[in-house]
Amino acid sequence: MAGSSAKIESMATEEEPLISNLDLFLFTLIAGIVIYWFMSRKKPEPIPEFKKTATSTRETSFVEKMKKTGKNIIVFYGSQTGTAEEFANRLSKDAQRYGMKGMAADPEEYDMAELSRLSEIENSLAIFCMATYGEGDPTDNAQDFYDWLQENGEEDLSGVNFTVFGLGNKTYEHYNAMGAYVDKRLEELGAKRIFDLGMGDDDANLEDDFVSWREQFWPAVCEHFGVEALGDDSSIRQYELKEHTDLNMNKVYSGEIGRIKSFENQKPPFDAKNPFLATVTVNRKLNKAGGRHLMHLELDITGSKIRYESGDHVAVFPTNDTALVIKLGQILGVDLDSVISLNNLDEESNKKHPFPCPTSYRTALTHYLDITHPPRTNVLYELAQYASDPKDQENMRKMASSSPEGKALYQSWVLDACRNILAILEDLPSLRPPIDHLCELLPRLQARYYSIASSSKIHPNSIHICAVVVEYETKTGRVHNGVATTWLKNKTVVDNGHKSTVPMFIRKSQFRLPFKATNPVIMVGPGTGIAPFVGFIQERGWLKEQGKEVGETVMFFGCRHENEDFIYQEELEEAKKKEALTGLHVAFSRDQEEKVYVQHLLRNHKEDIWRLVHSQNAHIYICGDAKNMAKDVQTAFYEIAEELGGLTRTQATDYIKKLMTKGRYSQDVWS
């Protein structure tokens with residue numbers, strides 16, 4: 001039977017054609033349907049983007065770009081708040097005064113493995129302006145470059161000339177760690193340092209440090225390459241003004257950070273270049289009394305697909321005070337609603353505009369430019385030419401010089417007096433610069449970061465902020481209001497029938513609860529330093545409710561007066577009642593004659609602290625002021641380790657340092 005069926009099958013194979021008419025018909029029909037579907041389906045609408053370069057693909061070879069544009073100096077910057085980028089732009093501009101051509105470059109945009117090829121360009125030099133962020137970390141845009149330096153031990157950079165200027169803050173544990181690392185690592189890989197590492201301290205006078213380093217750096221460059229300064233100290237414009245008279249307003253930026261109309265047509269993923277407009281659902285004052293304003297805000301992130309963890313930071317993009325913007329327009333006699341573009345004179349530059357263009361002067365001064373910080377010396381130098389009074393010109397140039405007299409004048413008249421650009425224009429009536437040049441020189445208004453005061457386990461669709469409004473009188477009698485905190489304070493839940501919104505994104509942090517919930521946690525956070533710990537306590541309570549075993553959770557909080565600014569008192573006491581918080585110790589610094597701070601409470605509970613840290617693998621978290629509190633708290637831990645661990649001060653210091661290395665002593669501090 002099997003044999004006969006095989007025979008029949010064989011005969012059928014011989015007699016039938018390979019493809020029957022029916023098969024051919026079906027194949028043609030299906031192919032026709034597929035082709036019709038492809039031809040007729042709606043094409044996705046193009047997303048309008050920031051104006052791109054003429055080429056569709058961005059040039060990732062900085063060496064090729066330098067060759068193409070005749071440049072021999074490249075200034076890379078690792079920048080978190082814009083200062084390192086600002087310094088890089090100033091150095092690349094300086095090169096023109098010495099007969100050289102420079103370009104500022106974001107290492108994130110280029111292939112840094114090409115660094116070894118820089119020697120192909122005659123008299124070439126790589127300058128690195130590197131800021132240190134967090135606990136000795138690279139800035140976000142320098143992370144890939146840092147990883148490359150670490151991973152490429154065999155790289156040969158011989159023939160590459162370099163110098164480094166680091167930006168840091170001495171109040172932090174790892175002062176200028178990134179600048180020092182890049183300087184050391186480039187030398188290890190064979191590159192030639194042509195000028196000593198510069199270190200700027202933002203706790204003292206970063207501008208002064210940079211100017212002093214720069215004044216010595218350029219003569220060293222001239223000597224190395226055998227060139228001379230051209231003696232041309234005139235202003236060098238980087239952008240040219242284009243005024244628009246009949247532009248479609250749909251093509252004009254109105255405050256968006258990246259994609260035009262992105263606030264009207266929100267599309268994830270949301271990040272620094274594409275922030276999410278979160279609705280303000282709660283904005284309440286936290287303190288019961290006192291002259292300050294401490295506030296708690298809640299931002300609704302429903303539908304954004306934004307995820308966060310306890311300890312992360314929320315970044316918000318504030319806007320400047322409308323009254324300041326109007327005053328600037330009046331003093332300079334301009335129509336703030338004029339629509340303009342500032343276009344880079346270097347057509348090959350990746351940075352086509354200093355801020356999103358086209359836009360109006362009003363939008364630029366409100367959303368994009370920092371008009372409240374005291375201007376840096378280069379701004380004064382460039383604007384001096386517009387002062388009609390020779391005495392004003394002389395003083396402005398003096399303040400921009402490296403002479404001791406000039407530095408002292410800048411320190412007292414600009415920095416100590418907290419004079420912003422508006423105050424300078426008001427106090428120098430002869431100074432009336434063109435507004436486009438002023439807009440070119442002012443730095444970008446930066447996002448502000450806050451430790452998130454909530455846990456996503458309990459509030460998956462809401463992000464909480466805890467902040468204190470910055471407000472003080474300057475030496476000139478003017479009132480200085482913090483840009484972001486004043487803006488946030490005014491974000492009422494409903495404003496003239498409209499819901500208030502805040503452009504925001506999340507920045508991930510290393511400030512994390514222990515992986516094992518059984519590890520005890522010691523939290524030290526006076527004032528608004530309590531913010532991340534509100535989230536930590538919520539999360540530990542949630543874990544407990546899930547039936548998980550949770551280690552001891554101890555909070556050391558500090559404020560001025562129990563009856564005024566004991567913020568989150570109800571929440572903390574409720575957590576204590578539910579045993580989500582096993583220890584709550586509060587220092588009311590001004591409720592008695594002798595001031596009591598959190599470090600004093602740590603010493604008072606030294607036996608418990610030492611037991612948790614030394615015997616139970618507790619994790620320690622510090623949040624708040626870096627300059628005094630964090631140092632005093634660290635000293636208290638040294639003293640506890642000395643006294644109860646029988647260690648010398650050196651051993652106690654090493655003990656705490658090892659905890660830091662293991663991730664058991666974490667700090668989220670600011671100065």
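All of these numbers come straight from a predicted model, not from anything done at the bench.
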- prompt: Hey, is the main chain of Leu167 close enough, under 3.5 Å, to the side chain of Asn176 for a donor-acceptor pair?
  reply: yes
message: Looking at every non-hydrogen atom in both residues, tell me the closest pair between Pro526 and Cys623 and how far apart they are.
response: CD-O, 3.8 Å
query: What are the two closest heavy atoms between Thr171 and Lys631, and how far apart are they?
result: O-CE, 3.8 Å
- prompt: Can any side-chain N or O of Asp271 pair as donor or acceptor with the backbone N or O of Asn274 at less than 3.5 Å?
  reply: yes
message: Tell me whether Asn161 contacts the main-chain N or O of Ala126 through its side chain, where contact means a donor paired with an acceptor under 3.5 Å.
response: no
query: Any luck finding a side-chain donor-acceptor pair between Asn378 and Lys93 under 3.5 Å?
result: no
- request: For His619 and Val521, indicate whether the former's side chain and the latter's backbone hold a donor-acceptor pair under 3.5 Å.
  value: no
task: Please answer whether the main-chain N or O of Glu348 pairs with a side-chain N or O of Lys65 as donor and acceptor at a distance below 3.5 Å.
output: yes
field: Donor-acceptor contact below 3.5 Å, side chain Asn89 vs main chain Glu85
entry: yes
- prompt: Which one of Tyr77, Phe165, Phe145, Phe162 satisfies the ring-ring contact (aromatic ring centres under 6.0 Å, His included) criterion with Phe128?
  reply: Phe145
field: Heavy-atom closest pair, residues Tyr175 and Gly168
entry: CE1-C, 3.9 Å
message: Using every non-hydrogen atom in the two residues, find where Pro318 and Gln446 come nearest and quote the distance to one decimal.
response: CD-O, 3.7 Å
- prompt: Is Lys657 salt-bridged to Glu173, cutoff N-O under 4.0 Å?
  reply: yes
message: Show me the pairs that pass side-chain hydrogen bond (donor to acceptor under 3.5 Å, both in side chains) and involve residues 123-135, at least two apart or across chains.
response: Tyr133-Arg507
query: Backbone N or O of Asp140 within a donor-acceptor pair of the Gln80 side chain at under 3.5 Å?
result: yes
message: Is it the case that the side chain of Gln216 and the backbone of Trp213 share a donor-acceptor pair, with hydrogens and angles ignored and the cut-off at 3.5 Å?
response: no
- prompt: Out of Tyr110, Phe62, Tyr146, which one pairs with Phe76 under the ring-ring contact (aromatic ring centres under 6.0 Å, His included) rule?
  reply: Phe62
field: Whether Asp209 side chain and Asp201 backbone form a donor-acceptor pair below 3.5 Å
entry: yes
task: Go through Asn344 and Ser349 one step at a time and tell me if the side chain to side chain donor-acceptor pair (under 3.5 Å) criterion holds.
output: CA-CA 7 Å; Asn344 202 319; Ser349 173; 3.3 Å; yes
task: Please confirm whether Phe536 and Phe533 have ring centers closer than 6.0 angstrom.
output: yes
message: I'd like to check the ring-ring contact (aromatic ring centres under 6.0 Å, His included) partners of Tyr98; sequence neighbours left out, ordered by chain and number.
response: Trp218
field: Smallest separation among heavy atoms of Ala272 and Pro275, with atom names
entry: O-CD, 4.2 Å
Considering all heavy atoms, the nearest Ser119-Gly159 contact: CB-O, 3.3 Å
query: Under 6.0 Å between the ring centres of His614 and Tyr655?
result: yes
statement: Of Tyr621, Tyr638, Phe637, Phe511, the one forming a ring-ring contact (aromatic ring centres under 6.0 Å, His included) with Tyr665 is Phe637
message: If we ignore hydrogens and angles and just use 3.5 Å, is the side chain of Arg193 paired with the main-chain N or O of Thr163 as donor and acceptor?
response: no
